[in-house]
S.K.: 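To start, I am sharing the structure in question, which I have written as structure tokens.
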Amino acid sequence: TGVQTCALPISSFALRVATTTRGRLSLSVEAWADGCAVASQTGDVTLAGGTMTADLTLAPIDPPDCGGQYQHPPGMVRIPGATFAMGCNAALDASCEDDEKPAHMVTLSSYFVDATEVSAAAYAACVARNACPQPLFDLPPSTTAQAYLTWDDAVAFCAARDKRLPTEAEWELAARGTDGRIWPWGSSAPTCSQANFAPSPTQNCFEDTTGGLIAPIDYGTGASPVGALDMAGNLEEWVADWYGAYPSGAVTNPTGPESGIQRVLRGGSFASFAADIRTSFRDANAPDASSTELDPQTNSTTFGVRCARTQ
């Protein structure tokens, strides 16, 4: 279902379907004209009454990719190359932490990022293929986001999918876009319909309604400008960079410090307050840590992952 009208005449379509679904079937559609990829999009398939449907609005590729090798991976959203202000501007956001400063201009090339956090089912499938380490605790295979991951676990999972961890800058652009949003949906304070977080010390959005702390990977309405889900709350997400101070000037495709002690985590978790799920908020931990925020015996933790891929 759904119709896409393109400015250029479309000579062909390419349809790609995820080979391992594990409870979710994602597909991507590419539109090509004169040997160039001119538009693409990904989305989940709906199965009802024996009928498989998908309703996608293709996003233009501007400029068109004429290299002949373009592929839009199923389950990933495309982030067009852009220049944006990374970090926190204290004139616009009263919650700025020192390590979020200075706000600085960053230019990134186009890339893809997973539309969702990695699910417990997807990670379990990776372990079953002996491609991923066992997590600290096994979660039943489901669409619940996979927690209990170390940085090394996250790297291994992404590599097994022919992907990689996003850089910290890539993560932030995917979360906030180019218009300086405080949260992925804008500048209005979060609600439990938008994100799985802790509105107060005695509240947790998903737990208060279901009894479970970690939500499914398609929880909430608070998508980022490119359509990525749960980039605020649910699980903190490992990124590639070592933790360190931001540069003072403009940079292009930054990858962070060359060395360090801790790796960066982004997005906050179900245990985070509103200020700690902002798009500029930074956390960090040792690469071999799967969580130090909560006692593992509470059967909850906070570290997960979403992967990226270079276009």
S.K.: Measure from the side-chain N and O atoms of T279 to the backbone N and O of A175, and report whether any donor-acceptor pair falls under 3.5 Å.
M.R.: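 A pair under 3.5 Å: no.
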
S.K.: Quick one: which residue pairs count as a side chain to side chain donor-acceptor pair (under 3.5 Å) with a foot in residues 222-234, not counting sequence neighbours?
M.R.: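 Only E117-N234, N196-N234 qualify under side chain to side chain donor-acceptor pair (under 3.5 Å).
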
S.K.: Distance from N204 atom CG to T209 atom OG1, nearest 0.5 Å?
M.R.: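 That separation rounds to 10.0 Å.
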
S.K.: Are E100 and F281 side-chain neighbours, meaning at least one heavy-atom pair lies under 4.5 Å?
M.R.: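 Sidechains of F281 and E100: in contact.
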
S.K.: Same cluster for V251 and F84 if Ile/Leu/Val/Met/Phe/Trp/Tyr side chains link at under 4.5 Å?
M.R.: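 V251 and F84: one cluster.
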
S.K.: Please report the closest heavy-atom contact between S119 and A122, naming both atoms and the distance.
M.R.: OG-N, 3.0 Å

S.K.: Look up atom CG in N253 and atom OG1 in T310, then write down how far apart they are to the nearest 0.5 Å.
M.R.: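 One gets 9.0 Å once the value is rounded to the nearest 0.5 Å.
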
S.K.: Counting only N and O atoms by type, is there a donor-acceptor contact under 3.5 Å from the side chain of D65 to the main-chain atoms of Y70?
M.R.: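 Checked: no pair found.
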
S.K.: Are any of the side-chain heavy atoms of Q311 and S109 separated by less than 4.5 Å?
M.R.: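 Sidechains of S109 and Q311: no contact.
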
S.K.: Check the pair R161, D114 against salt bridge (Lys or Arg N to Asp or Glu O under 4.0 Å), reporting the backbone distance first and the verdict last.
M.R.: CA-CA 11 Å; R161 292 292 188 93; D114 285 345; over 6 Å; no

S.K.: Write down the atom of S40, the atom of H72, and the distance for their closest heavy-atom approach.
M.R.: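 For S40 and H72, the tightest heavy-atom pair comes out as OG-ND1, 2.7 Å.
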
S.K.: Can T42 and S28 be counted as having a side-chain donor-acceptor contact under 3.5 angstrom?
M.R.: no

S.K.: Keeping the roles fixed (side chain from T221, backbone from S193), state whether a donor-acceptor pair exists under 3.5 Å.
M.R.: yes

S.K.: For W171 and E237, indicate whether the former's side chain and the latter's backbone hold a donor-acceptor pair under 3.5 Å.
M.R.: no

S.K.: Taking the six-membered ring of Y246 (Phe, Tyr or Trp), confirm whether the NZ or CZ of R282 is under 6.0 Å from its centre and within 45° of its axis.
M.R.: yes

S.K.: Check whether any side-chain heavy atom of I61 lies under 4.5 Å from a side-chain heavy atom of P80, and answer yes or no.
M.R.: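 Not in contact.
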
S.K.: Hydrophobic cluster membership, with links at side-chain heavy-atom distances under 4.5 Å among I/L/V/M/F/W/Y: are F157 and L265 in one?
M.R.: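 Yes.
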
S.K.: Do side-chain atoms of E172 reach the backbone of A169 as a donor and acceptor pair under 3.5 angstrom?
M.R.: no

S.K.: Sub-3.5 Å donor-acceptor pair from the side chain of W238 to the main-chain atoms of P166, do we have one?
M.R.: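 Pair absent, no side-chain N/O of W238 close to backbone of P166.
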
S.K.: Could you please spell out the steps behind the side-chain contact (heavy atoms from CB on, under 4.5 Å) verdict for R263 and W242?
M.R.: CA-CA 4 Å; R263 297 283 186 176; W242 289 107; 3.2 Å; yes

S.K.: Give me the atom names and distance for the closest heavy-atom approach of A131 to A160.
M.R.: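 Minimum heavy-atom separation between A131 and A160: CB-CB, 3.8 Å.
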
S.K.: Rounded to the nearest 0.5 Å, how far apart are OG of S95 and CD of E97?
M.R.: 8.0 Å

S.K.: Once you round to the nearest 0.5 Å, how far does OG of S187 lie from CG of D179?
M.R.: 8.0 Å

S.K.: Passes side-chain contact (heavy atoms from CB on, under 4.5 Å), C88 versus R278? Steps please.
M.R.: CA-CA 10 Å; C88 194; R278 292 173 299 113; 3.8 Å; yes

S.K.: Side chain of R306, backbone of L229: donor and acceptor closer than 3.5 Å?
M.R.: yes

S.K.: What's in the same ILVMFWY side-chain cluster as F197, cut-off under 4.5 Å, chained through other members?
M.R.: I182, W183, W185, I277

S.K.: Which heavy atom of Q194 sits nearest to which heavy atom of A189, and what is that distance?
M.R.: OE1-O, 3.8 Å

S.K.: Taking side chain as C-beta onward, heavy atoms only, is S269 less than 4.5 Å from L213?
M.R.: no

S.K.: Checking the side chain of D93 only, and the main-chain atoms of N89 only, is there a donor and an acceptor separated by less than 3.5 Å?
M.R.: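 Looks like no, no N/O pair under 3.5 Å.
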
S.K.: Heavy-atom distance under 4.5 Å between the side chains of D241 and T167, does that happen here?
M.R.: yes

S.K.: For this output row, return yes or no: ring centroids of F270 and F206 closer than 6.0 angstrom.
M.R.: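 Ring centroids of F270 and F206 are no less than 6.0 Å from each other.
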
S.K.: Decide whether V264 and L173 are clustered together by the hydrophobic rule: side chain heavy atoms of Ile, Leu, Val, Met, Phe, Trp, Tyr closer than 4.5 Å, transitively.
M.R.: no

S.K.: State which residues pass side chain to side chain donor-acceptor pair (under 3.5 Å) with Y111; sequence neighbours excluded, sorted by chain then number.
M.R.: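 Per chain and number, Y111 pairs via side chain to side chain donor-acceptor pair (under 3.5 Å) with no residue.
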
S.K.: CG/D276 to CD/E236 distance, rounded to the nearest 0.5 angstrom?
M.R.: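 It is 8.5 Å, given to the nearest 0.5 Å.
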
S.K.: Could you see if M86 belongs to whatever hydrophobic cluster contains I79? Use Ile, Leu, Val, Met, Phe, Trp, Tyr and a side-chain cutoff under 4.5 Å.
M.R.: yes

S.K.: Just so I know, are the side chains of V29 and Q41 near enough to count as touching, which here means a heavy-atom distance under 4.5 Å?
M.R.: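 Contact flag for V29/Q41 side chains = no.
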
S.K.: Can you name the closest pair of heavy atoms from A232 and P184 and give their distance?
M.R.: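 That would be CB-CD, 3.8 Å.
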
S.K.: Under 3.5 Å, is there a donor-acceptor pair between the R176 and S280 side chains?
M.R.: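 No pair is found: no donor N or O on one side chain lies under 3.5 Å from an acceptor on the other.
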
S.K.: A quick test of your reading: do over 12 heavy atoms of other residues, nucleotides or ligands sit less than 6.0 Å from CG of D98?
M.R.: no

S.K.: Tell me if a side-chain donor or acceptor on R309 pairs with a main-chain N or O of P73 at a distance below 3.5 Å.
M.R.: no

S.K.: List the atom of L139, the atom of A145, and the distance in Å for their closest heavy-atom pair.
M.R.: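 Answer, listing the atom of L139 first, then A145: CD1-O, 3.7 Å.
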
S.K.: Indicate if L149 and V118 have the same hydrophobic cluster label, given that clusters are the connected sets of ILVMFWY residues with side-chain heavy-atom separations under 4.5 angstrom.
M.R.: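 L149 and V118: one cluster.
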
S.K.: Less than 4.5 Å apart, any side-chain heavy atom of Y123 and any of P133?
M.R.: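 Contact flag for Y123/P133 side chains = yes.
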
S.K.: First locate atom OG1 of T116, then atom CE of M76, and finally report the distance between them rounded to the nearest 0.5 Å.
M.R.: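 Spacing of OG1 (T116) from CE (M76) equals 10.0 Å.
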
S.K.: For residues T83 and T178, determine if any side-chain heavy atom of one lies less than 4.5 Å from a side-chain heavy atom of the other.
M.R.: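 T83 does not reach T178 side chain to side chain.
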
S.K.: Give a yes or no answer on whether the side chain of R164 reaches the backbone of C158 with a donor-acceptor pair at less than 3.5 Å.
M.R.: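 Absent.
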
